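Just so we're clear, the structure is a prediction, and the values are computed from it rather than from any experiment.
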Amino acid sequence: MASSPLFSMSTMKRDSFVMKTIASNNEFKFNVSNSFYKLPVMSPTLLLTGENSLKWGQNESLLRNRMQCHAVEVKNMPGYPMGKKFELDDVIEAQQFDRETLNAIFEVAKEMENIKKNSPGSQILKDTIRTVEGYSDIIVMRHFESGAAKRAAATAGIPIINAGDGPGQHPTQALLDVYTIEREIGKLDGIRVGLVGDLANGRTVRSLAYLLAEYQDVKIYFVSPDVVKMKDDIKKYLTRRGVEWEESGDLMEVASKCDVVYQTRIQRERFGERIDLYEEARGKYIVDENVLKVMQKHAVVMHPLPRLDEITVDVDADPRAAYFRQAKNGLYIRMALLKLLLVGW
């Protein structure tokens, strides 16, 4: 939906919902089982904005008019007592999460892995649906401008989840990345992580660097073409937090040392009209069978997906290729966030 206008999901009825574009008033019917990551939780109404929608100045008035909704208090949820309230009102940037909160989110994500479609757990948000049909309870926002989600959160009275704000951040991706590392490597303290590709504009690696700073004895290697090196704000943040980092131009050497090789694509749209810079950057660092040969047996290759040519397809068959498992973990993390933001611990 990256190229779509502003959307409102409404009139949830059993197994389907209607998505209406605010700009054109067109309606599209969807089956729940085939949409939104095939989420086995009957989710509340969502308001989504497209990354390539109207510029913020134009979009702001639409958001202000459309976000006048109220969160609903959920009571007497069978099998899911309210418990402790989730301490975050929105999910905007990775710096919001301390280690204790990360651990708690990951525990809920593990619960979500065990939820079956017709189990009691799959109904944790359904009472909400009956009560607030036609309203929005939570906003999942992707925008092309860095900081757009933060501005929306300052206006909205309901939770905002930042699903990517241009070259700024992508906190839910970072959460599933750290969750994946823990599941694959078995620990988060004492790990070595190589971040590869477009580090200047890559919102996923920026958010991931913030979260990795919550753990002990972590070292991060930055491997990128000169035109897209990691920006100074991340380097300064890591230094303040006592996280060791190093820039390198040698992917093979870094891959031999790391527990995680986190590859990202060089995105054409981040270069504007500077096609020459894009051509200079793309294809310089590729994870292939030669890289796999120098990697440790326990190490993994990760990627936020989709990929272009930065990971060759023959890597897919190697058990250390974790990116498809990584994508699946995104389902559990986002299920956990919906539960935590709307229901609580």
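- Tyr278 and Arg274 share no donor-acceptor pair across their side chains, judged by distance under 3.5 Å alone.
- At a cut-off of 3.5 Å, with distance as the only test, a side-chain donor of Asn329 or Thr180 sits close to an acceptor on the other residue.
- Within a 6.0 Å radius of NZ in Lys150, other residues, nucleotides and ligands contribute 12 heavy atoms or fewer.
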Checklist entry - Does the pair Leu199 and Val228 meet the rule for a side-chain contact (heavy atoms from CB on, under 4.5 Å), with working shown? => result CA-CA 6 Å; Leu199 306 186; Val228 286; 6.0 Å; no

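- To the nearest 0.5 angstrom, Leu341 atom CG is 4.5 Å from Ile138 atom CD1.
- Counting only distance, with no hydrogens or angles, the side chain of Asp217 and the backbone of Gly190 share no donor-acceptor pair below 3.5 Å.
- The minimum heavy-atom distance between Val140 and Ala163, with the atom names listed, is CG1-CB, 3.8 Å.
- Atoms NZ and OG, on Lys293 and Ser256 in that order, are 15.0 Å from each other to the nearest 0.5 Å.
- Val260 is connected to Leu208 through a chain of hydrophobic side-chain contacts under 4.5 Å among Ile, Leu, Val, Met, Phe, Trp and Tyr, so both are in one cluster.
- Taking Arg320 as the reference, Leu292, Met295, Asp318 meet the side chain to side chain contact (heavy atoms under 4.5 Å, CB included) condition, with sequence neighbours excluded.
- A heavy-atom distance below 4.5 Å is not found between the side chains of Glu111 and Met335.
- Of all non-hydrogen atoms in Thr264 and Gly197, the two that sit nearest each other are OG1-CA, 3.5 Å.
- Annotation for Val294 and Ala255: closest pair CG2-CB, 4.1 Å, computed over non-hydrogen atoms.
- Partners of Asp226 by side chain to side chain donor-acceptor pair (under 3.5 Å), not counting sequence neighbours: none found.
- Contacts of Ala336 classified as side chain to side chain contact (heavy atoms under 4.5 Å, CB included), with partners at least two apart in sequence or in another chain: Val108, Ala109, Met112.
- Using a 4.5 Å cut-off on side-chain heavy atoms (C-beta onward), Leu175 and Leu337 make contact.
- Between the CZ atom of Arg206 and the CG atom of Asn201 there is a distance of 9.5 Å, given to the nearest 0.5 Å.
- No side-chain donor from either of Gln326 and Glu184 sits under 3.5 Å from a side-chain acceptor of the other.
- Cys258 and Val193 make their closest contact through SG-C, 3.8 Å (heavy atoms, listed as atom of the first residue, atom of the second, distance).
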Next on the checklist: I'd like to know whether Arg99 forms a side-chain contact (heavy atoms from CB on, under 4.5 Å) with Tyr215, so could you lay out the CA-CA distance, the side-chain angles of the two residues, the decisive distance to 0.1 Å, and finally the verdict.
Outcome noted: CA-CA 7 Å; Arg99 185 166 176 155; Tyr215 298 93; 3.6 Å; yes

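- The same ILVMFWY cluster, assembled from side-chain heavy atoms under 4.5 Å apart, contains both Met302 and Ile234.
- No side-chain N or O of Asn162 forms a donor-acceptor pair with one of His170 less than 3.5 Å apart.
- Two residues are said to be in side-chain contact when any heavy atoms from C-beta on lie closer than 4.5 Å; Pro225 and Tyr285 meet this criterion.
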Next on the checklist: Show, in sequence, the C-alpha distance, side-chain angles and deciding distance for Val218 and Glu244, and conclude whether the side-chain contact (heavy atoms from CB on, under 4.5 Å) test is met.
Outcome noted: CA-CA 7 Å; Val218 171; Glu244 187 179 358; over 6 Å; no

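- Screening Arg265, Gln263, His303 for a side chain to side chain donor-acceptor pair (under 3.5 Å) with Glu310, the sole residue that qualifies is His303.
- Atom-to-atom distance recorded for Tyr179:OH and Tyr332:OH is 8.0 Å, nearest 0.5 angstrom.
- Under the 3.5 Å distance criterion, the side-chain polar atoms of Thr101 are left unmatched by any main-chain donor or acceptor of Phe97.
- The salt bridge (charged side-chain N to carboxylate O under 4.0 Å, His left out) search around Glu182 returns none, not counting sequence neighbours.
- For the 3.5 Å distance criterion, the side chains of Gln173 and Asp177 qualify, holding a donor opposite an acceptor.
- Among residues two or more places apart in sequence or in another chain, the salt bridge (charged side-chain N to carboxylate O under 4.0 Å, His left out) test is passed with Asp250 by none.
- Linking ILVMFWY side-chain heavy atoms closer than 4.5 Å, directly or via other members, places Ile266 and Leu251 in two distinct hydrophobic clusters.
- Checked by atom type and distance alone, the side chain of Asp259 pairs as donor or acceptor with a backbone atom of Arg192 at under 3.5 Å.
- Tyr221 OH to Trp245 CH2: the interatomic distance, rounded to the nearest 0.5 Å, is 13.0 Å.
- Salt bridge annotation for Lys229-Asp198: absent, with no cationic side-chain nitrogen under 4.0 angstrom from a carboxylate oxygen.
- A pairwise comparison of heavy atoms in Tyr210 and Ala94 identifies CB-CB, 3.6 Å as the closest pair.
- At a threshold of 4.5 Å between non-hydrogen side-chain atoms, the residues Phe324 and Asp316 count as touching.
- To the nearest 0.5 Å, atoms CD1 (Ile286) and CZ (Arg307) are separated by 12.0 Å.
- Between the side chain of Gln96 and the backbone N or O of Ile92 there is at least one donor-acceptor pair closer than 3.5 Å.
- Atom NZ of Lys110 is surrounded by more than 12 heavy atoms from other residues, nucleotides or ligands within 6.0 Å.
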Checklist entry - Checking salt bridge (Lys or Arg N to Asp or Glu O under 4.0 Å) for the pair Glu113/Arg183: CA distance, chi angles, key distance, verdict? => result CA-CA 12 Å; Glu113 292 188 36; Arg183 303 286 277 177; 2.9 Å; yes

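- For the pair Val291/Met252, a side-chain contact is recorded, criterion being any heavy-atom separation below 4.5 Å from C-beta on.
- One hydrophobic cluster holds both Leu212 and Met230 under the rule that ILVMFWY side chains link at heavy-atom gaps under 4.5 Å.
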Checklist entry - Could you go step by step and tell me if Val261 and Val196 meet the side-chain contact (heavy atoms from CB on, under 4.5 Å) rule? => result CA-CA 7 Å; Val261 175; Val196 187; 4.2 Å; yes

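- The two residues Val254 and Gly194 have their closest heavy-atom pair at CG1-CA, 4.1 Å.
- A chain of hydrophobic side-chain contacts below 4.5 Å, direct or via other Ile, Leu, Val, Met, Phe, Trp or Tyr residues, connects Phe106 to Ile191.
- With contacts defined as side-chain heavy-atom distances shorter than 4.5 Å, the pair Ile160/Val91 does not qualify.
- Scanning for salt bridge (charged side-chain N to carboxylate O under 4.0 Å, His left out) contacts around Glu289 gives an empty result, with sequence neighbours left out.
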